[in-house]
2 protein chains.
Amino acid sequence: MIFSKKCEYAIKALIHLCINSDTDTRLNITEISDSIESPMHFTSKILQELVRHKIVSSSKGLGGGFFLNNQQKNIPILEVIDIIDGKELLSQCGLGLKKCSSKNPCPIHNEFVKYSEQLKQALSTKSISVLSLGVAKGTNFIINQKEEIL
Amino acid sequence: MIFSKKCEYAIKALIHLCINSDTDTRLNITEISDSIESPMHFTSKILQELVRHKIVSSSKGLGGGFFLNNQQKNIPILEVIDIIDGKELLSQCGLGLKKCSSKNPCPIHNEFVKYSEQLKQALSTKSISVLSLGVAKGTNFIINQKEEIL
DNA sequence: ATATAAAAAGACAAAACTGTCTTATTTCTT
DNA sequence: AAGAAATAAGACAGTTTTGTCTTTTTATAT
Ligand code: FES
Ligand code: FES
């Protein structure tokens, strides 16, 4: 598993919020965790962390909840991954050497860097809202689909 | 970190064994863990697991130790990763959906599969001995190099 | 003011991963 | 047969990740 569970839940929650919330439509944590099938309190912690980093907005009290404003919907997903799993995740040596560099490359460096750089590039150009498009249209999914018996 | 520590140590140990052992040159666990800078008993467990899967050979008793025969040196590294971290590792959905498929793709499926297939392909065609070449020549490294003060 | 609904925070618990220590077993040498 | 050197195996411990529960704080509506 390349991303942590925290990170997976974060991305799912953000996509759900992108589609279903805005400045004056807030979602509470029960609704969110039910929708993305994630553990409620754990998800709440993750969203709190994202609020601290200004990736998500929130308001307390009656009628409050979590939401994304238009600016937040355009944040690239890589930024979220960097916050939750650390900037190193996609820059680390595949064999765990302290520093991944072409100067002192490990035996899998070439294959590995090619892969991680490409992935990093792709994730840095996809915003939360771009990833949400397919989900809103029903062509992409953030929860497990029922087995269809054909 | 995409591979587990177990897997990192396994790959390093195999490369070290590929370069320094053969049917009648066996290495004991102290020598191996010192050379690859890994925790000795943990590494021993990992090698035992690889012995059970016939990736590594071992013999007990005086003059015994771990070693690779010529056939084992040609095992693709992906096979090792599959054993230690599970076949799923490089086939899993990046968002943790139970099944990664283009029929019910998650929002990052396209990017994700494109690169993980490439990596899997690359790792399936590199044998332990191929990865060892650079290390034997001194152009690749499996332990951290000292900081050079230039 | 009070009740209520919500996030925020903190303490705790379970599980997985990583690592250590001890004992058993095997094999070789003498 | 005895001793030594090695892997094999199992019990245990620390740490991190994942998840749960409870309390506090804040804002709104009545
Ligand atoms: S040095 Fe190992 S991946 Fe770059
Ligand atoms: S469905 Fe998520 S990566 Fe394929």
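Residue numbering restarts at 1 for every chain, and letters A, B, ... go by the order of the sequence lines.
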Would you check if the side chain of [X] reaches a backbone N or O of [Y] as a donor-acceptor pair within less than 3.5 Å?
X: B:T43; Y: B:P39; answer: yes
X: B:N140; Y: B:L131; answer: no
X: B:N104; Y: A:Q145; answer: no

Count I, L, V, M, F, W, Y as connected when their side-chain heavy atoms are under 4.5 Å apart, and connections chain through other members. Are [X] and [Y] then in the same cluster?
X: B:I36; Y: B:I19; answer: yes
X: A:V130; Y: A:I55; answer: no
X: A:Y9; Y: A:L89; answer: yes
X: A:V51; Y: A:M40; answer: yes

So which protein N/O to nucleotides 9-12 of chain C N/O distances come out below 3.5 Å?
residue: C:dG10; atom: O6; partner: A:K45; partner atom: NZ; Å: 3.2
residue: C:dA11; atom: N6; partner: A:K45; partner atom: NZ; Å: 3.1

Spacing between A:M40 atom CE and C:dA8 atom C1', to the nearest angstrom: 13 Å
Between A:L50 (CG) and C:dA7 (P), how many Å, whole number? 14 Å
A:E49: salt bridge (Lys or Arg N to Asp or Glu O under 4.0 Å) partners, not counting sequence neighbours: A:K6
For B:K5, check salt bridge (Lys or Arg N to Asp or Glu O under 4.0 Å) against everything at least two apart and list the hits. B:E8
Residue list, side-chain contact (heavy atoms from CB on, under 4.5 Å) with A:F67, at least two apart or on another chain: A:S21, A:T23, A:R26, A:S57
Non-hydrogen atoms of A:C18 and A:S129 that approach each other most closely: SG-CA, 3.5 Å
Contact summary for A:F66 and A:L17, nearest pair of heavy atoms: O-CD2, 3.5 Å
Side chains of A:I84 and A:L50, heavy atoms from C-beta outward: is any pair under 4.5 Å? yes
Going by atom types only, do A:T125 and A:Q121 share a side-chain donor-acceptor pair under 3.5 Å? no
Any luck finding a side-chain donor-acceptor pair between B:H16 and B:E31 under 3.5 Å? yes
Salt bridge (charged side-chain N to carboxylate O under 4.0 Å, His left out) partners of residues 34-48 of chain B, not counting sequence neighbours, each pair once: none
Sequence neighbours excluded, every pair satisfying salt bridge (charged side-chain N to carboxylate O under 4.0 Å, His left out) that has a member inside residues 66-75 of chain B: none
Over the length of the helix from C:dA1-D:dT30 to C:dT30-D:dA1, how much do the five-pair end axes diverge, rounded to 10 degrees? 10°
Taking 5' to 3' order, which nucleotide of DNA chain D is first and which is last to have an atom within less than 4.0 Å of a heavy atom in chain B? D:dA5 to D:dA11
Less than 3.5 Å apart, which donor and acceptor atoms pair up between the side chains of residues 109-117 of chain B and the rest of the protein, not counting sequence neighbours?
residue: B:E111; atom: OE2; partner: A:K126; partner atom: NZ; Å: 3.0
residue: B:S116; atom: OG; partner: B:F112; partner atom: O; Å: 3.0
residue: B:E117; atom: OE2; partner: B:K120; partner atom: NZ; Å: 3.2

Selection: residues 28-35 of chain B, any non-hydrogen atom under 4.0 Å of DNA chain D: B:N28, B:I29
Heavy atoms within less than 4.0 Å of DNA chain D: which residues of residues 4-17 of chain B have one? Give them sorted by number. none
5′-ward residue of the pair B:L27/A:G64 relative to DNA chain D: B:L27
Determine, for nucleotides 23-30 of chain C in 5'-to-3' order, which nucleotides have protein heavy atoms under 4.0 Å from the base (write B), from only the sugar-phosphate (write S), or from neither (write -). --BBBBS-
